[in-house]
There are 2 protein chains.
Amino acid sequence: MGRDTRTRILDTALALFAARGVEAVTVTELEEGAGLSPGSGSFYRHFASKQDVLAAAVAREIDRAEARRVPTAGTSDLGSEYRATLDALDDLRPLLALLVREGGRLPEVERIRGVLAEGGARIDAARLRDLMEAGTIPERDAEGVATAVMMALVGFHLAERFFGGPVGVDRDRLVATLASMVGT
Amino acid sequence: MGRDTRTRILDTALALFAARGVEAVTVTELEEGAGLSPGSGSFYRHFASKQDVLAAAVAREIDRAEARRVPTAGTSDLGSEYRATLDALDDLRPLLALLVREGGRLPEVERIRGVLAEGGARIDAARLRDLMEAGTIPERDAEGVATAVMMALVGFHLAERFFGGPVGVDRDRLVATLASMVGT
DNA sequence: GTCTATAACCAGATAGAC
DNA sequence: GTCTATCTGGTTATAGAC
């Protein structure tokens with residue numbers, strides 16, 4: 001808790017905005033979450049408005065996601081690659097939640113889409129095409145396979161994290177099955 | 001526009017709630033959308049509160065979805081089945097949007113989950129197991145395949161409808177590729 | 001059933017003491 | 001930098017005439 005107040009406000013804002021949506025969260029709650037007196041305007045010594053703290057929280061999270069991004073070049077097997085993509089989606093969860101909840105009303109939507117596409121949900125069609133040409137996996141519409149796998153991973157993540165209920169099989173079986181469907 | 005006022009309020013509420021979230025929509029907007037004088041309390045002659053109209057709109061939409069549901073027994077080929085599932089998801093879009101945006105704060109969340117699972121996103125593992133035993137498609141973890149296909153369709157639908165941007169290949173290619181991945 | 005008018009409340013935001 | 005106190009505006013909800 002030694003972080004400064006501005007950071008604590010940003011942490012609180014990201015968590016609450018992602019969990020309940022921007023409109024549903026009051027400045028008073030942000031103050032309370034940051035250890036300030038609720039209802040005091042102390043929030044406004046750090047941010048000009050609720051929109052301002054939203055923009056700052058999104059920008060900080062994008063920067064963090066871009067910094068953390070690991071190349072994960074296609075060296076490992078497909079199953080490990082898909083597992084890594086699911087992990088990346090976990091890491092991007094707050095941004096994904098904000099994007100799902102707020103849609104186009106978010107600041108910097110395009111940068112968010114870029115981070116999600118590049119860092120998280122990228123299943124490379126070119127890599128698949130190489131494997132197909134080498135005869136390692138069956139010949140199919142490579143872009144189609146890449147999209148299908150990508151959407152299966154994103155859908156699974158969203159179902160697990162947002163819809164709450166059981167979504168069929170667990171991560172291990174999903175990843176293994178996807179690799180099998182691509183590979184044979 | 002010959003529908004009665006209550007119905008017009010419900011229509012407006014479902015559309016606006018799904019598009020922008022419940023908190024972001026004011027009773028005044030609901031009145032305006034239903035052709036009532038904005039800011040007049042006329043809304044309250046039909047519903048007791050905003051939560052009340054939300055509950056009624058959700059209930060009506062669940063009923064509609066359950067009534068419209070067609071058995072779609074596994075008579076056709078896999079591609080047609082997946083296409084039909086995408087169409088069913090389109091039909092359930094308002095409920096899906098509400099579930100994504102509001103999560104557990106929605107009334108009757110369990111019934112909504114049930115409708116989505118039964119009517120929209122059901123890829124039957126038992127059907128796949130039959131096809132595997134008959135040798136029509138390769139032997140694999142049937143539940144795993146069912147989950148993977150289901151999540152790919154849900155993810156594709158969400159990406160298309162919520163994230164806005166291009167999501168890879170179009171519906172025809174996605175459906176065809178999925179059928180190919182399951183079938184060979 | 002709809003309107004005008006308004007009450008009651010709460011959230012966003014500001015002023016000024018400490 | 002945080003507090004108490006307050007302003008302002010918008011939102012829910014009600015009262016009563018038509």
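What you see is a predicted model; the values in this text were computed from it and never measured. Each chain gets a letter, A, B and so on, in the order its sequence line appears, and its residues count up from 1.
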Seminar exercise, completed: Under a 4.0 Å heavy-atom cutoff, the residues of residues 18-31 of chain B touching DNA chain C are none
Problem set entry | Contacts of A:D130 that satisfy salt bridge (charged side-chain N to carboxylate O under 4.0 Å, His left out) - sequence neighbours left out | none
Exercise. A:S80: what forms a side-chain hydrogen bond (donor to acceptor under 3.5 Å, both in side chains) with it, not counting sequence neighbours?
Worked result: A:D77
For this session: Would you please confirm or rule out a distance under 4.0 Å between OP1 or OP2 of D:dT2 and any side-chain N or O of A:T5?
Result: yes
For this session: Compare side-chain N and O positions of B:S40 against OP1 and OP2 of C:dC3 and report whether any pair is under 4.0 Å apart.
Result: yes
Exercise. Is there any side-chain hydrogen bond (donor to acceptor under 3.5 Å, both in side chains) pair reaching into residues 175-184 of chain B, and which pairs are they, with sequence neighbours excluded?
Worked result: A:R140-B:S180, A:R140-B:T184
Problem set entry | A:E139: partners by side-chain hydrogen bond (donor to acceptor under 3.5 Å, both in side chains), with sequence neighbours left out | none
For this session: Compare every heavy atom of A:L54 with every heavy atom of A:P107, then report the nearest pair and how far apart it is.
Result: CD-CD2, 3.8 Å
Problem set entry | Non-hydrogen atoms of A:F47 and A:A56 that approach each other most closely | CE2-CB, 3.9 Å
For this session: Using a heavy-atom cut-off of under 4.0 Å over every strand shown, decide if B:S42 touches base, sugar-phosphate, or nothing.
Result: base
For this session: May I ask you to verify if any side-chain N or O of B:Y44 is less than 4.0 angstrom from the OP1 or OP2 atom of D:dT14?
Result: no
For this session: Round to the nearest Å and state the distance from A:E32 atom CD to C:dG12 atom C1'.
Result: 17 Å
Check residues 146-158 of chain B and write down every donor-acceptor pair under 3.5 Å in which the side-chain atom is one partner and the other belongs to a residue at least two apart or another chain.
unit_1 : atom_1 : unit_2 : atom_2 : d
B:T147 : OG1    : A:V169 : N      : 3.3
B:T147 : OG1    : B:E143 : O      : 2.9
B:H157 : ND1    : B:D90  : OD1    : 3.3

For this session: Report the distance from atom CD1 of B:I9 to atom P of D:dT12, rounded to the nearest whole Å.
Result: 13 Å
Problem set entry | Integer-rounded Å distance: C:dT2 P and B:F43 CZ | 13 Å
Exercise. Of all of residues 46-54 of chain A, which get a heavy atom below 4.0 angstrom from DNA chain C, listed by number?
Worked result: A:S49, A:K50
For this session: Report the residues that fulfil side-chain hydrogen bond (donor to acceptor under 3.5 Å, both in side chains) with B:S40, sequence neighbours left out, ordered by chain and then residue number.
Result: B:S42
Protein N or O to nucleotides 15-18 of chain D N or O, pairs below 3.5 Å:
unit_1 : atom_1 : unit_2 : atom_2 : d
D:dG16 : O6     : B:R45  : NH2    : 3.1

Exercise. Can you name the salt bridge (charged side-chain N to carboxylate O under 4.0 Å, His left out) partners of B:E23, sequence neighbours left out?
Worked result: none
Exercise. Looking at residues at least two apart in the chain, or sitting in another chain, which of them share a ring pair (Phe, Tyr, Trp, His ring centres under 6.0 Å) with A:F17?
Worked result: none
Problem set entry | Listed once per pair and sorted, the side-chain hydrogen bond (donor to acceptor under 3.5 Å, both in side chains) pairs that draw on residues 44-53 of chain A, sequence neighbours left out | none
